[in-house]
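Comments concern the structure below.
Both ligands and their constituent atoms are indexed starting at 1 by order of listing.
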Amino acid sequence: MVLPDIKSLRREELAARFAEWRLPAYRLDQLLHWLYERRVTDWDAMSNLPQDLREKLRQHFTLQTLELVDKQGSRDTTQKFLWRLADHSLIESVLIPANPALYGDSSDRHTLCVSTQVGCAYGCKFCASGLEGWKRNLEPHEIIEQVLAIERDHATHVTHATHSTPPRSAFPDRLINNLVIMGMGEPLANYDNLIKALTILNAPWGGGIGARKITISTSGLVPQIRKLADEPLQFRLAISLHGATDEVRGKIMPVNKKYPLKELAAACDYYQKKKGRMITFEYILIAGVNDLLDQVEPLSKLALKLHAKVNLIPYNKVEDLEWERPSEPVQEQFLKALEARKVTATLRREKGHDIDAACGQLRLKTERALQKTGV
Ligand code: SAH
Ligand code: SF4
């Protein structure tokens, strides 16, 4: 029998189990403290839990961590982490130093971009994550561990005395206060595990990350966008638009055939009205595909109608794919044309994009290298 991982359970589920075992409530608080504040990776580190309880936990649950395979980038810039899961699948996370202009509020901390699936079934033509197809959904604990494993790594480098920013909780070694669900996979295609993981990462007894600091990005799964609007938590929503007409979007995103722009816009409208928050349109600029000025008019109309902000992102070259990013003047011209129509828009201009590439690329490279060497 495959044991569930302890970090895939909500507090209520664990409380029910502890009640069955006739344990006092404070034992659960102690356990959660070890899991989410101290982020221990071994049952035996839970020193104030009695030996027989540790044994019982070991028999009923796994306590999995992610194995770090590769890390690129330096501590002050964007860092990419490549992880190996228990079944040897590879996923990645990207840690980005605070950039207030991009997602969410201003912050002096870090944003983490997490993966939700191994591979992706949606096959957008420009994206590395979909190139090798979809393998499986991530379990809640595998989503949560991307945050905990990086904070664990960080905590070993930081002494409390030198930490200058105020603590998010009683533990000042916490690093991540913004999450973007923009790594490998389509988050809304792994809906239940995603919501469970985010509920735990948001809970005060868990990750303690505010729901308003969590942005979920989707290629546009209409029924799930509506379902998300009905959830109690106030997550931010980003839509990977990349084309403002069905013709252009349909060419690069097969999902547009299933959920064309009209239906997508109606679902966004529902989300926006329900949550009262601005949504974001992600718009990658790809040379000769969607960077022509004929997209500006329909994009402006859509953005203004839905109170959406537009994030323009120069395309990151993916090995083996034909697409290219447009020149800087073309990018600037596209931005200016949007601004001239009173659309709130930003253009990502930072340098050093060699490792800041979209999620999925590091895994692709590694998997191909492993195949070559026959490992
Ligand atoms: N599946 C979800 C979330 C993961 S993709 C979605 O599509 O929204 C996260 C973002 O990275 C999306 O906006 C996606 O379109 C973008 N992206 C994918 N490949 C890219 C590339 N090569 N360069 C720049 N952005 C890319
Ligand atoms: Fe999947 Fe998003 Fe990549 Fe499309 S852009 S293939 S939905 S990860």
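- Judged by the shortest distance from any of its heavy atoms, Met184 lies outside the 4.0 Å radius around the atoms of ligand 1.
- Not close to ligand 1: Cys113, with no non-hydrogen atom less than 4.0 angstrom away.
- Under the 4.0 Å criterion applied to side-chain N and carboxylate O atoms, Asp87 and Arg136 are assigned as salt-bridge partners.
- Counting the atoms of ligand 1 from 1 in the order shown, those under 4.0 Å from a heavy atom of Thr218 are 6 (C), 8 (O).
- Between Asp70 and Arg84, no side-chain nitrogen of the basic residue sits less than 4.0 Å from a carboxylate oxygen of the acidic one, so the salt-bridge criterion is not met.
- Close contacts between ligand 2 and Tyr122 involve ligand atoms 7 (S) [criterion: under 4.0 Å to a heavy atom].
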### Task
List the steps, then state whether salt bridge (Lys or Arg N to Asp or Glu O under 4.0 Å) holds for Asp153 with Lys71.
CA-CA 11 Å; Asp153 179 64; Lys71 182 161 125 181; 3.0 Å; yes
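- The closest protein non-hydrogen atom to atom 1 (Fe) of ligand 2 is Cys120 SG, 2.3 Å.
- The single protein non-hydrogen atom nearest to atom 6 (S) of ligand 2 is Cys124 N, 3.4 Å, given as residue, atom name and distance.
- Expressed to the nearest 0.5 Å, how far CG of Asp42 lies from CG of Asp44 amounts to 5.0 Å.
- Close contacts between ligand 2 and Gly123 involve ligand atoms 6 (S) [criterion: under 4.0 Å to a heavy atom].
- Per-residue contacts place Val318 under 4.0 angstrom from the following atoms of ligand 1 (heavy atoms of the residue considered): 22 (N).
- Close approach of ligand 1 to Pro187 is summarised as follows: ligand atoms under 4.0 Å from at least one heavy atom of the residue are 1 (N), 2 (C), 3 (C).
- Here Glu339 does not pair with Lys336 in a salt bridge; the nearest charged N to carboxylate O distance is not below 4.0 Å.
- Using a 4.0 Å cut-off to heavy atoms of Ser217, the atoms of ligand 1 that qualify are 2 (C), 3 (C), 6 (C), 8 (O).
- Annotation for ligand 1: atoms under 4.0 Å from non-hydrogen atoms of Cys127 are 18 (C), 19 (N).
- Stacking of Lys309 on the aromatic ring of Phe281 is not recorded, the 6.0 Å distance cut-off and the 45° axial limit not both being met.
- A donor-acceptor contact shorter than 3.5 Å is absent between the side chain of Asp291 and the backbone of Pro326.
- Geometrically, ligand 1 and Glu282 share no nitrogen or oxygen pair separated by less than 3.5 Å.
- Near His242, with a cut-off below 4.0 Å to any heavy atom, the atoms of ligand 1 are 13 (O), 14 (C), 15 (O).
- Here Phe126 has heavy atoms under 4.0 Å from ligand 1 in both its backbone and its side chain.
- By the criterion of a heavy-atom distance under 4.0 Å, the side chain of Ile284, and not its backbone, is placed next to ligand 1.
- For atom 7 (O) of ligand 1, the candidate residues are Pro314, Ala189, Ser240; the nearest heavy-atom contact is made by Ser240.
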### Full working for side-chain hydrogen bond (donor to acceptor under 3.5 Å, both in side chains) between Glu186 and Thr116
CA-CA 7 Å; Glu186 167 48 55; Thr116 51; over 6 Å; no
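- Taking 2.8 Å as the criterion, Cys127 counts as a coordinating residue of atom 3 (Fe) of ligand 2, since one of its N, O or S atoms falls below it.
- A salt bridge is defined here as a Lys NZ or Arg NE, NH1 or NH2 lying under 4.0 Å from an Asp or Glu carboxylate O, and Arg341 with Glu297 meets this definition.
- Crowding of Lys274 atom NZ: a count of heavy atoms from other residues, nucleotides or ligands under 6.0 Å exceeding 12.
- The shortest N or O to N or O distance between Ala128 and ligand 1 is not under 3.5 Å.
- Residue Ser93 is tested with Gln146, Gln79, Glu145, Lys80 for a side chain to side chain donor-acceptor pair (under 3.5 Å); the sole match is Gln146.
- Near Ser219, meaning under 4.0 Å from one of its heavy atoms, ligand 2 places the atoms 7 (S).
- For the pair Arg226 and Tyr270, the cation-pi test (distance below 6.0 Å, angle within 45°) is passed.
- Every atom of ligand 1 with a heavy atom of Gly185 under 4.0 Å away is listed here by number and element: 1 (N), 2 (C), 3 (C), 4 (C).
- The shortest heavy-atom distance from Gly185 to ligand 2 is under 4.0 Å.
- Atom CG of Leu299 is separated from atom CG of Leu293 by 11.5 Å, given to the nearest 0.5 angstrom.
- Using a non-hydrogen distance threshold of 4.0 Å, Gly183 registers as a contact of ligand 1.
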